[in-house]
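All remarks here apply to the structure that follows.
In what follows, every heavy atom counts, from backbone to side chain, and hydrogens, waters and symmetry copies are set aside. Each chain gets a letter, A, B and so on, in the order the sequences are listed, and its residues count up from 1.
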2 protein chains.
Amino acid sequence: MKKYLAIYHDLLSDIQAKKFEAGEILPSNQQLVLRYGVSRETVRKAMQLLADEGYIQTIRGKGSLVLDNERLLFPLSTIKSYQEIVDQNNLKSQSRILKEVSHVLVPDRLRFGSPAIYAQLIVRERIVSGEPTILDYDYVNEAITPDIPLKSGDSLFNYFEEKRGFNIDYAVKHLTVESAEYDDCHYLKIDQSVPMLVVRSETHLADNRILAYTESRHRGDKFSSVEFARRHH
Amino acid sequence: MKKYLAIYHDLLSDIQAKKFEAGEILPSNQQLVLRYGVSRETVRKAMQLLADEGYIQTIRGKGSLVLDNERLLFPLSTIKSYQEIVDQNNLKSQSRILKEVSHVLVPDRLRFGSPAIYAQLIVRERIVSGEPTILDYDYVNEAITPDIPLKSGDSLFNYFEEKRGFNIDYAVKHLTVESAEYDDCHYLKIDQSVPMLVVRSETHLADNRILAYTESRHRGDKFSSVEFARRHH
DNA sequence: CAGTGGTCTAGACCACGGG
DNA sequence: CCGTGGTCTAGACCACTGC
């Protein structure tokens with residue numbers, strides 16, 4: 001199903017496999033119409049997805065230019081699981097579960113005015129290049145999915161989408177810079193002088209229910225993110 | 001021209017003017033087709049823009065739900081000028097030019113592998129609620145637009161787009177957390193212990209030329225950003 | 001069942017780039 | 001001039017919601 005997504009993924013994997021290098025021009029709309037046997041509007045939907053996510057730039061009269069997407073690392077403006085980011089960037093990384101508690105009330109600082117709910121709390125640390133770098137607190141809405149069976153290496157997103165068939169739609173993320181707390185110092189083996197980049201997010205399903213609240217605490221001295229932004233007129 | 005943009009802006013201004021509150025359902029595609037006298041695909045283009053930017057959530061079988069967009073503050077994943085952000089959030093803010101130098105070579109740390117160019121450097125401080133909070137270093141490509149006439153209150157983007165007719169297309173932004181430098185301490189009246197949130201960006205025109213490099217240095221203890229992210233399948 | 005949004009089509013005209 | 005991408009149309013079928 002969904003022809004435009006098939007074309008999108010097909011072209012994207014060619015770009016990521018370097019069959020198209022940065023600076024090259026993709027096949028024209030018309031060529032893709034013939035290749036895939038679809039209408040032009042369907043081709044253009046695929047191209048717009050690629051453009052929105054920073055893989056190509058369309059230039060009228062010329063064609064669709066492949067951009068340098070080597071550097072898209074840890075973007076905050078997309079919903080990617082930690083595992084997806086690790087995979088895409090060929091990082092060496094491990095995760096370790098530090099704590100798991102059921103029936104916890106989600107703290108105020110994560111909710112930004114949304115109603116309080118009970119959740120299952122999962123605390124994990126992410127170890128990048130042998131060094132503990134990120135602390136993740138996931139509060140998963142009990143009303144939607146209680147009792148998550150989690151092994152150390154599992155991805156929560158993968159469980160939600162593949163195993164449970166949930167349709168994750170969007171997230172609202174708040175970024176701040178804060179001082180290291182006791183847990184940061186204790187688990188990440190840093191002292192209070194290291195600033196933390198904190199991302200608090202609220203993840204929604206396609207029916208607008210809140211699936212989870214997450215607090216991701218990154219060592220500031222190790223944090224790096226590359227965003228792609230388009231200008232809309 | 002561009003009917004879908006007209007519809008987008010029309011609906012957006014209604015949302016921002018609270019004619020549609022968060023939680024309400026927008027008029028259906030069919031109603032908008034009749035109201036604007038356009039085809040359904042044109043209506044849907046406008047709706048997709050609204051959805052992409054986090055103003056609405058479309059729910060199949062129900063309608064287009066208006067989201068709570070009160071809190072979209074200082075998003076890094078869109079290209080907005082400082083002036084646009086200030087206007088949208090009703091902030092009290094001033095800008096002051098600190099330095100202006102012609103024919104400067106853009107430093108390595110801003111370029112991430114892009115070729116070195118000569119630029120006009122403009123250094124400004126942004127004063128929010130009476131307190132100097134952000135230092136901006138703009139390196140504008142001399143080959144594209146030399147000798148920018150700048151008064152203290154002017155917006156660079158406004159000059160590029162309105163006065164010069166440039167078509168800004170996209171930017172790549174690098175986020176890091178760094179220690180305060182001499183200039184940070186001097187102009188922002190802080191000491192070295194305050195961490196800085198640094199955004200370095202490369203702004204491209206529609207023909208893919210680089211218009212400018214920018215380094216924005218935010219006081220970490222005052223920094224706050226809200227992002228909207230969609231999940232693509 | 002009627003109404004909603006999601007996908008897809010075949011065709012048209014426009015604006016821009018480059019030879 | 002021709003080929004490119006950008007916009008728009010009228011109509012079709014599907015999947016889902018809610019009554």
Tabulate atom names and distances for all N/O pairs under 3.5 angstrom spanning the protein and nucleotides 9-11 of chain C.
from, atom 1, to, atom 2, distance (Å)
C:dT9, OP1, A:K3, NZ, 3.0
C:dT9, OP2, A:S39, N, 2.7
C:dT9, OP2, A:S39, OG, 3.0
C:dT9, OP2, A:T42, OG1, 2.6

What residues from residues 24-33 of chain A pass a heavy-atom cutoff of under 4.0 Å to DNA chain D? A:S28, A:N29
Short side-chain donor-acceptor distance under 3.5 Å, B:H204 and B:Y170: yes
Hey, does the side chain of B:K62 come within less than 4.0 Å of D:dG18's phosphate (OP1/OP2), counting only N and O? yes
Check the side chains of A:E202 and A:S114 for a donor-acceptor pair under 3.5 angstrom, ignoring hydrogens and angles. yes
Does a side chain donor of either A:Q57 or B:D169 reach within less than 3.5 Å of an acceptor in the other side chain? yes
Are the ring centres of A:F74 and A:H218 closer than 6.0 Å? yes
Rounded to whole Å, how long is the line connecting atom CZ of B:R44 with atom P of D:dA12? 18 Å
Please state how far atom CG in B:N167 lies from atom P in D:dG5, giving the value in whole angstrom units. 17 Å
Quick one about A:S93 and A:Y82 (side-chain donor to acceptor, distance below 3.5 Å, no hydrogens or angles considered), yes or no? yes
So, is A:Y4 close to the C:dC8 phosphate, meaning a side-chain N or O under 4.0 Å from OP1 or OP2? no
For C:dT4, take OP1 and OP2 only and decide whether either is under 4.0 Å from a side-chain N or O of B:T58. no
Separation of D:dG6 P from A:L65 CG (nearest whole Å): 13 Å
Atom CG of A:D207 and atom P of C:dG5: how far apart are they, to the nearest Å? 17 Å
Rounding to an integer number of Å, can you tell me how far A:I59 CD1 sits from D:dG5 C1'? 10 Å
Tell me which one of B:D136, B:T203, B:D138 satisfies side chain to side chain donor-acceptor pair (under 3.5 Å) with B:T214. B:D138
Whether over 12 other heavy atoms sit under 6.0 Å from A:Q94 CD: no
Which angle, to the nearest 10 degrees, lies between the helix axes at the two ends of the helix from C:dC1-D:dG18 to C:dG18-D:dC1, each defined by five pairs? 10°
Rounded to the nearest Å, what distance is computed from the CD atom of residue A:Q48 to the C1' atom of nucleotide C:dG6? 15 Å
